[in-house]
Amino acid sequence: MKKKYLFFTLALALLGGGSQPLKAQANAKYVSKIGAAITSMAALDGLDGIGTSGATVLIQNKNTNVGGMYLQQTGTNDELVYATKPSKKREQAKFVWLVKKTTNGNIATYSFQNLLTSGFLPVPIDNNTPVKTVNNTAQNKGAFSIECKSSAFYITQNNNTTKDNYGFNGHGSTFLFWTPGSAAGDPSHAIAFYPCTVSEGVLYTVTTKMREENSTTEFETRTEEMLSGEIYNAPAVDLKKVVSTDPANVNGTVLNLTTDKTIIAYYKYDPTKLPFTTTTVANNAFAPVTKWYNFRLNTNETQGYCLYDDVTKEILSNKGQANVQGVAAGLFAFAGDPINGFDIYNKSTGTASKLGDRITDHASMVAAESGIKWYLVRNDEPGWNLSKLKTPSGNCYLNRRTSYVGYYNSTSDNGSRCGFEINTYDITINATGYATFSADV
């Protein structure tokens with residue numbers, strides 16, 4: 001009995017018994033190659049598998065409203081959306097569609113099936129109704145016609161019903177069917193197909209511990225799944241750059257993985273990533289070379305430039321570019337850093353005043369000792385907002401309030417989006433075509 005027990009325990013030890021089991025690595029489909037955009041019906045119909053199991057493609061909406069984003073489905077019951085194609089090949093798999101051609105006499109129709117969820121695009125539904133895929137049944141799987149014009153594709157459902165001629169459309173990031181769908185040449189219906197190759201590989205977990213330079217503690221930890229042979233890039237951090245890694249020199253290089261991996265990335269503040277060049281103030285004077293900017297709120301409008309009003313001491317926000325260029329009251333400079341905040345100066349008031357609060361909901365130039373520190377916050381444009389709180393909360397973002405600068409509680413509001421334009425009157429173009437900045441103080 002003792003011999004059997006000894007053999008059993010030895011076998012357990014050899015198999016890993018009594019300790020944590022080895023992690024099972026997952027397999028995942030990934031896009032290993034993306035071809036050039038198809039530009040003709042002949043090229044589409046010539047794709048491998050299009051007449052049998054289906055050809056693998058990415059579907060890009062050419063509608064300018066969605067910025068050329070790609071059709072994806074993240075889960076079986078999720079609505080279809082357009083999104084920016086991710087850079088990582090394994091994340092691109094949810095953007096892959098199988099397009100299959102069926103011919104009945106002289107009539108050719110095409111179906112579209114998502115690679116990961118196996119759902120099909122359905123028979124079109126009413127305008128403005130978000131679309132979900134369906135299973136493979138005759139009554140709800142869409143059969144579409146495709147037309148190519150000027151290298152763009154136009155996809156419609158021609159089924160002789162009240163929904164006849166509904167086609168692909170992009171409305172924001174939402175995928176919709178819309179009528180008339182066959183308007184070949186209408187950019188809101190234009191589609192591009194990119195043939196792609198789908199492969200399968202083992203995924204490994206790569207953990208990045210993110211630290212400030214010379215620190216031993218993390219300010220953040222991120223994990224991602226990677227395939228062996230992919231390029232590792234340390235996570236991007238606003239206004240910071242990677243200065244070193246442990247193991248050394250792995251950032252931007254190919255990782256040949258056989259197991260999960262942990263990397264420490266060290267960061268430091270990078271002033272070159274600021275949307276403006278900062279100045280310094282000493283002895284009530286600006287640095288010898290100080291760059292002045294026309295400051296703009298609501299970068300989607302032409303009348304969002306800011307101008308200091310010496311009567312009210314407020315900042316007006318309804319001016320055109322011509323009102324602020326070369327005008328001292330329309331020029332602003334920034335001193336500080338993103339950690340401790342920025343002081344904002346107006347050229348007409350000099351170092352004696354900083355941007356702050358004078359009355360409720362009105363940003364004004366106030367005595368320097370009463371000025372507010374301002375913090376850059378990334379928005380979804382991508383672009384920048386300025387918050388009067390280091391940890392944003394409530395109405396803290398500078399915002400264009402019709403004619404004056406006030407505050408709002410959202411980074412996505414157009415009125416909170418900041419633009420920093422170097423004062424062109426301070427730029428000289430030299431003989432070689434390069435811009436040089438004058439010491440304008």
Side-chain angles (χ1 to χ4, degrees), residues 28-74 80-103 108-121 133 142-157 167-170 173 175-176 181-201 226-233 252 254:
K29 289 183 172 65
Y30 66 97
V31 177
S32 55
K33 181 179 179 181
I34 300 175
I38 298 168
T39 57
S40 69
M41 285 301 303
L44 178 66
D45 288 341
L47 290 177
D48 289 342
I50 195 166
T52 53
S53 58
T56 50
V57 299
L58 303 180
I59 300 175
Q60 184 187 40
N61 193 313
K62 304 297 287 184
N63 185 351
T64 55
N65 290 335
V66 293
M69 293 192 289
Y70 294 79
L71 184 63
Q72 69 153 324
Q73 185 176 22
T74 56
L80 300 177
V81 297
Y82 289 108
T84 301
K85 177 170 57 64
S87 59
K88 296 189 181 303
K89 295 177 181 179
R90 57 184 165 70
E91 294 177 353
Q92 294 172 359
K94 62 189 176 184
F95 290 77
V96 176
W97 294 84
L98 294 167
V99 55
K100 184 176 180 180
K101 178 182 178 181
T102 302
T103 303
T109 57
Y110 300 80
S111 64
F112 297 89
Q113 183 182 24
N114 186 265
L115 176 71
L116 293 188
T117 68
S118 299
F120 286 84
L121 290 185
T133 54
F144 298 90
S145 296
I146 301 179
E147 178 182 3
C148 184
K149 182 177 182 179
S150 300
S151 300
F153 291 88
Y154 300 84
I155 305 173
T156 58
Q157 169 81 12
F168 284 27
N169 187 271
S173 62
F175 174 83
L176 301 171
S182 65
D186 180 348
S188 68
H189 297 287
I191 294 293
F193 292 115
Y194 290 83
C196 61
T197 302
V198 178
S199 303
E200 189 167 322
M226 292 184 64
L227 296 156
S228 182
E230 285 190 300
I231 294 175
Y232 167 79
N233 290 299
V254 171

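What you see is a predicted model; the values in this text were computed from it and never measured.
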Next on the checklist: Apply side-chain contact (heavy atoms from CB on, under 4.5 Å) to residues Phe112 and Val57 and explain how you reach the verdict.
Outcome noted: CA-CA 10 Å; Phe112 297 89; Val57 299; 5.6 Å; no
Checklist entry - Step by step, would you call Leu58 with Trp97 a side-chain contact (heavy atoms from CB on, under 4.5 Å)? => result CA-CA 6 Å; Leu58 303 180; Trp97 294 84; over 6 Å; no
Contacts under 3.5 angstrom, residues 31-40 side chains, donor-acceptor by atom type, not counting sequence neighbours:
| from | atom 1 | to | atom 2 | distance (Å) |
| --- | --- | --- | --- | --- |
| Ser32 | OG | Thr197 | O | 3.3 |
| Ser32 | OG | Ser199 | OG | 2.9 |
| Ser40 | OG | Ala43 | N | 3.1 |

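A distance of 11.5 Å separates CZ of Phe95 from CD of Gln60, quoted to the nearest 0.5 Å. Between the CD1 atom in Ile155 and the CD atom in Glu147 there is a gap of 11.0 Å [rounded to 0.5 Å].
In Lys29, the NZ atom is not crowded: 12 or fewer heavy atoms of neighbouring residues, nucleotides or ligands sit closer than 6.0 Å.
With contacts defined as side-chain heavy-atom distances shorter than 4.5 Å, the pair Val96/Leu116 does not qualify. A 4.5 Å side-chain heavy-atom check between Met41 and Phe153 finds at least one atom pair inside the cut-off. Thr109 is not listed as a side-chain neighbour of Phe144, based on a closest heavy-atom distance of 4.5 Å or more. Counting heavy atoms from C-beta outward, Gln72 and Val81 have side chains that approach closer than 4.5 Å.
Between Ser111 and Phe120, the closest heavy-atom pair is OG-CE2, 4.1 Å. Lys101 and Ala108 make their closest contact through CE-CB, 3.7 Å (heavy atoms, listed as atom of the first residue, atom of the second, distance). When all heavy atoms of Lys94 and Glu91 are compared, the pair lying nearest together is CG-O, 3.5 Å. For the residue pair Leu47 and Ala55, the shortest heavy atom distance occurs at CB-CB, 3.7 Å. Closest of all the heavy-atom pairs between Ile59 and Ile191 is CG2-CG2, 3.6 Å. For Leu71 against Tyr82, the heavy-atom pair with the smallest separation is N-CD2, 3.6 Å.
Without hydrogens or angle criteria, Gln92 side chain to Tyr30 main chain gives no donor-acceptor distance under 3.5 Å. Under a 3.5 Å cut-off, the side chain of Thr56 and the backbone N or O of Cys196 do form a donor-acceptor pair. Here the side chain of Gln73 pairs no donor or acceptor atom with the backbone of Leu80 at under 3.5 angstrom. Listed for the Lys100 side chain is a donor-acceptor partner under 3.5 Å among the backbone atoms of Thr52.
For Asp48, there are no side-chain contact (heavy atoms from CB on, under 4.5 Å) partners at least two apart in sequence or on another chain.
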